[in-house]
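Everything on this sheet refers to the single structure shown next.
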Amino acid sequence: MVTRVWDYLFEFENERADIMDAVETVFASGSLVLGPGVRGFEEEFAAWHGLDHCVGVDNGTNAIKLGLQALGVGPGDEVVTVSNTAAPTVVAIDAVGATPVFVDVREDDYLMDVSQVAAALTERTRCLLPVHLYGQCVDIDPLLALAREHDLVVLEDCAQAHGARRGGRLAGTFGDAAAFSFYPTKVLGAYGDGGATVTDRADIAGNLRRLRYYGMEERYYVVETPGHNSRLDEVQAEILRRKLRRLDTYVAGRRAVAERYREGLGDTGLVLPEVAGGNEHVYYVYVVRHPRRDAIIERLKGYDIHLNISYPWPVHTMTGFAHLGWEPGSLPVTERLAGEIFSLPMYPSLSPDLQDKVISAVRDVLETL
Ligand SMILES: *Cc1c(COP(=O)(O)O)cnc(C)c1O
């Protein structure tokens with residue numbers, strides 16, 4: 001059997017009755033779009049964060065896109081973010097007509113180097129978009145201070161950070177709004193696509209509700225500003241309600257897997273994830289680093305272990321963003337990392353036996369490299 005970085009089938013076996021009951025509940029409810037499932041999930045997900053509003057949307061990319069639009073970010077505006085992220089972060093900025101501006105990441109935890117942000121600001125900067133990458137939070141306080149000082153909005157990309165904390169506070173509660181993805185692999189994952197944007201501001205929540213519903217107030221059938229059709233699906237919402245009740249358990253499971261990797265691989269040449277001071281990591285992915293990354297991945301295939309890289313191509317080097325004019329070499333840490341990082345299997349239902357198989361294969365490969 002091939003071992004992959006992520007698998008949901010073990011979890012589905014454990015939770016099958018609950019998941020199928022969620023499907024049955026929606027099908028039998030008589031309300032298939034924006035019904036009690038979506039409303040219930042929105043209330044529960046907002047409350048889970050101690051926030052007033054959550055607006056469910058169709059995926060994480062659109063949670064960012066609608067979040068930017070709801071905050072008034074659009075053509076002519078610059079949004080400061082990182083290039084070491086999933087492409088959708090940047091695709092969403094591009095989709096609203098704004099221009100992404102990149103800062104480099106830190107060498108130790110691969111997160112936004114906030115000390116570089118001040119130098120990236122121009123008179124067109126409108127928004128700061130930190131990505132809480134891999135499952136831990138960006139050094140958010142100095143970023144919030146900069147936003148206050150320069151009158152900028154902050155949208156957090158929390159697609160990889162459900163349940164992550166910094167200074168005891170949950171990711172998603174720091175900025176003006178925060179975008180989540182419920183893509184199946186995420187820490188809180190649906191059985192298909194889903195996303196949500198959370199906020200404490202009623203005006204932003206109102207904008208989001210119109211933006212996901214063609215640009216209309218749901219009761220009045222009049223478009224004031226054209227929006228999109230970006231609704232969270234009712235079935236996914238009902239499944240997410242069930243899974244939200246287990247989110248703490250999923251996070252604990254991921255931390256146990258991370259701990260076992262540290263015990264099993266801490267004495268090898270592999271650079272393991274570093275948790276920044278003040279952070280509580282949720283290990284969306286378990287990213288390790290080695291200069292001979294490609295050879296390691298290739299040899300592990302001989303053990304039926306197929307690994308991923310998050311991410312092999314920094315966004316600023318992608319052909320689709322060549323028009324932005326970022327030359328190779330402009331973000332040296334991001335570019336170096338892209339050639340050295342890879343991800344070990346990580347999901348809460350990963351069994352200790354399977355994980356030990358991975359650990360011993362990685363040790364074999366490293367010893368004979
Ligand atoms: C997954 C992800 C997204 C996009 O979410 P989708 O639901 O796949 O659209 C955005 N940003 C980051 C950092 C992600 O990991």
Side-chain angles (χ1 to χ4, degrees), residues 5-6 8 41 45 54-69 79-96 98 100 102-103 105 109-112 127-138 140 154-164 171-172 174-175 177-198 208 211-212 228-233 236-237 239-240 243 254 273 281-287 308-316 318 320-321 334 337-338 341 343 346-347:
V5 169
W6 180 79
Y8 74 95
F41 175 70
F45 198 62
C54 167
V55 178
V57 296
D58 48 352
N59 56 62
T61 309
N62 286 339
I64 301 170
K65 185 177 93 178
L66 271 57
L68 289 168
Q69 289 181 326
V79 177
V80 179
T81 191
V82 286
S83 174
N84 183 39
T85 181
T89 309
V90 183
V91 168
I93 295 169
D94 181 76
V96 305
F102 303 111
V103 295
V105 292
D109 57 17
Y110 321 146
L111 297 170
M112 174 184 260
C127 176
L128 306 180
L129 204 164
V131 183
H132 303 309
L133 199 71
Y134 303 148
Q136 67 172 328
C137 291
V138 166
I140 197 84
V154 176
L155 176 66
E156 298 170 69
D157 182 342
C158 292
Q160 305 193 357
H162 316 67
F174 295 104
F180 286 86
S181 164
F182 307 118
Y183 185 78
T185 62
K186 308 292 183 180
V187 178
L188 179 61
Y191 279 71
D193 280 306
T197 306
V198 298
L208 286 164
L211 283 164
R212 76 161 172 196
H228 314 275
N229 177 355
S230 278
R231 298 180 291 249
L232 175 60
D233 180 74
Q236 299 304 337
I239 290 172
L240 286 166
K243 293 193 69 177
R254 287 174 178 274
H281 205 311
V282 295
Y283 298 101
Y284 165 59
V285 277
Y286 194 86
V287 173
N308 287 355
I309 302 167
S310 299
Y311 295 90
W313 300 283
V315 180
H316 72 285
M318 294 180 179
F321 294 108
T334 297
L337 281 177
I341 55 176
S343 307
M346 171 56 85
Y347 45 94

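Residue numbers run from 1 in the order of the sequence given. Whatever order the structure lists them in is the order used to number ligands and atoms, beginning at 1. Computed from a predicted model, the values in this text were never measured in an experiment.
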For Phe174, is the CZ atom crowded, meaning more than 12 foreign heavy atoms sit under 6.0 Å from it?
yes

Using a 4.0 Å cut-off to any heavy atom of [X], which atoms of ligand 1 qualify?
X: Gln160; answer: 13 (C), 14 (C), 15 (O)
X: Asn59; answer: 7 (O), 9 (O)
X: Thr85; answer: 13 (C)
X: Val131; answer: 13 (C)
X: Thr89; answer: 11 (N), 13 (C)

Would you tell me whether Thr185 and Tyr347 have side-chain atoms, one donor and one acceptor, within less than 3.5 Å of each other?
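Side-chain D/A pair, Thr185 to Tyr347: absent.
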
Going by side chain to side chain contact (heavy atoms under 4.5 Å, CB included), Val105 matches just one of Thr85, Leu337, Leu111, Leu133. Which one?
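With Val105 as partner, side chain to side chain contact (heavy atoms under 4.5 Å, CB included) holds for just one option, Leu337.
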
Between Ser230 and Asp58 (side chain of the first, backbone of the second, donor and acceptor by atom type, cut-off under 3.5 Å), is there such a pair?
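No: the side chain of Ser230 does not pair with the backbone of Asp58.
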
Any donor-acceptor pair under 3.5 Å from Ser83 side chain to Val315 backbone
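Indeed, once roles are kept as given, a pair shorter than 3.5 Å links the two residues.
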
Take the angle between the ring planes of Phe180 and Phe45 and call it parallel below 30°, perpendicular above 60°, tilted in between.
perpendicular

Looking at ligand 1, does any of its N/O atoms fall within less than 3.5 Å of an N/O of [X]?
X: Gly60; value: yes
X: Tyr183; value: no
X: Asp157; value: yes

Which residue and non-hydrogen atom of the protein lie closest to [atom], and at what distance in Å?
atom: atom 12 (C) of ligand 1; answer: Ala159 CB, 3.4 Å
atom: atom 3 (C) of ligand 1; answer: Pro88 CG, 3.6 Å
atom: atom 9 (O) of ligand 1; answer: Thr61 OG1, 2.5 Å
atom: atom 1 (C) of ligand 1; answer: Lys186 NZ, 1.7 Å

Aromatic centroids of Tyr311 and Trp313 separated by under 6.0 Å:
no

Does Phe321 have its ring centroid less than 6.0 Å away from the ring centroid of Phe102?
no

